[in-house]
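What follows is one structure encoded as structure tokens, with my remarks underneath.
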Amino acid sequence: MVFGLGRKAKKEQAAEPDEELAAPDPAEAVADGAGRRANGPYDESEITSRDGYVDLGALLITPSEGLQLRLEVEEATQRVVAVTMDLNGSSLQLQAFAAPKTEELWDEIRGQIGQSVGAQGGQVEEIEGGFGTELVAKLPAGLPDGSQGYRVARFIGVDGPRWFLRGVLGGPAALEREAAEPLEALFRQVVVVRGDSPMPPRDLLQLRLPKEATATPPPAAPRLQEPERGPEITQIG
């Protein structure tokens, strides 16, 4: 597994762990919740051990063969704001946020994403998927041959206990269910570490580079935190 640490829209630094991590045993997850979270993603309270996970602070990630992880750094604040999982030519960007105890955020956030995409001349469509209501966003984009196409990103969201986890699928996984399955499976195994400190709703939960990692130079980092991040460009017409 390869780790990357990137400055948004600029160069990134990568790291590799000192040793291979074993995947956690799914049987250790206590799936006593209801609804979508009964099959993950999980809260820290729903697992019995952190052993075998890649510890990114607010998120615990299950290792997988061929998986690359990139942590994205906001230039203005130098804080890590997202982790992107690259696998089989597709990507899944993860961000975890603080949430109220009794209020879910996903319905409202979908509306805000739709407004943002519409302001850029794009379109959104709500669909039902394995995590409930999802959002497919299409934004205008020029193709290499000069013709007009669009970029596609698929948004998924899960409301947990005092947290909200958002995923953005790009590449073939944004368009094809079969291509998305490996990343969806990894999304289900994500564990969110909310912590006990009071936080305003929608504040990002803190991410960090794993302690096992050491820096090595990687390729340039793509832009993140935009609906069109990393998706496929598709011909129109």
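Since this is a predicted model, take the numbers as computed values, not measurements. Values below: every heavy atom of this structure, side chains too, minus hydrogens, waters and symmetry copies. Throughout, numbering of the chain's residues begins at 1 and tracks the sequence.
In summary, R154 and E184 engage in a salt bridge, as defined by a charged side-chain N under 4.0 Å from a carboxylate O. Using a 4.0 Å cut-off between charged side-chain N and carboxylate O, E72 and R70 make a salt bridge. Ion pairing between R162 and D43 fails under the 4.0 Å rule for side-chain N and carboxylate O.
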Tell me, with the steps shown, if R177 and E134 meet salt bridge (Lys or Arg N to Asp or Glu O under 4.0 Å).
CA-CA 13 Å; R177 290 289 178 178; E134 303 175 353; 3.3 Å; yes
Side chain to side chain contact (heavy atoms under 4.5 Å, CB included), that's the test. Do T133 and R110 meet it? Break it down for me.
CA-CA 9 Å; T133 304; R110 286 201 313 275; 3.5 Å; yes
Any chance you could lay out the side chain to side chain contact (heavy atoms under 4.5 Å, CB included) test for M199 and R194, step after step, and finish with the verdict?
CA-CA 10 Å; M199 294 181 67; R194 166 61 176 83; 3.7 Å; yes
Applying side chain to side chain contact (heavy atoms under 4.5 Å, CB included) to L205 and V192, what does each step give before you reach the verdict?
CA-CA 9 Å; L205 302 185; V192 180; 3.9 Å; yes
Would R50 and E44 count as a salt bridge (Lys or Arg N to Asp or Glu O under 4.0 Å) if you check the C-alpha gap in whole Å, the side-chain angles of each, and the deciding distance to 0.1 Å?
CA-CA 9 Å; R50 293 193 184 196; E44 181 189 16; 2.6 Å; yes
For side chain to side chain contact (heavy atoms under 4.5 Å, CB included), just list the numbers for L207 and L59, CA-CA rounded to whole Å, side-chain angles, deciding distance to a tenth of an Å, and then say yes or no.
CA-CA 7 Å; L207 295 166; L59 298 176; 3.8 Å; yes
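At least one side-chain heavy atom of I47 sits under 4.5 Å from a side-chain heavy atom of Y53. Counting heavy atoms from C-beta on, the side chains of P182 and N88 come closer than 4.5 Å. Side-chain contact between Q78 and V73: present, with at least one pair of heavy atoms (C-beta onward) separated by less than 4.5 Å. Taking the side chain as every heavy atom from C-beta outward, L56 and L60 never approach each other to under 4.5 Å. Counting heavy atoms from C-beta on, the side chains of V117 and L139 come closer than 4.5 Å. The closest side-chain heavy-atom distance from L204 to Q95 is below 4.5 Å. Looking at L69 and V54, their side chains come closer than 4.5 Å, going by heavy atoms from C-beta outward. When side chains are defined from C-beta on, S91 does not count as touching L169, because their heavy atoms never get closer than 4.5 Å.
Taking each heavy atom of Q120 and P140 in turn, the nearest pair found is O-CD, 3.8 Å. Pairing each heavy atom of F187 with each of R166, the nearest pair is CE1-C, 4.5 Å. Taking every heavy atom of both residues into account, M85 and I61 meet most closely at CE-CG2, 3.8 Å. Heavy-atom minimum distance, A174 versus A153: CB-CA, 4.1 Å. For the pair W163 and V158, the tightest heavy-atom approach, listed with the atom from each and the gap, is CZ3-O, 3.8 Å. Nearest heavy atoms, S90 versus P172: OG-CD, 3.3 Å.
Between the E103 side chain and the P100 main chain, no donor and acceptor come within less than 3.5 Å of each other. Here the side chain of D159 pairs a donor or acceptor atom with the backbone of L105 at under 3.5 angstrom. No donor-acceptor distance shorter than 3.5 angstrom exists from the side chain of Q206 to the backbone of A58, with no hydrogens or angles considered.
By the 6.0 Å and 45° rule, R188 stacks over the aromatic ring of F131.
The line from CG of L165 to CD1 of I156 is 7.5 Å long, rounded to the nearest 0.5 Å.
More than 12 heavy-atom neighbours from other residues, nucleotides or ligands sit within 6.0 angstrom of CD on E126. Within a 6.0 Å radius of CD in E178, other residues, nucleotides and ligands contribute 12 heavy atoms or fewer.
Two rings, from W106 and F164, have their centers less than 6.0 Å apart.
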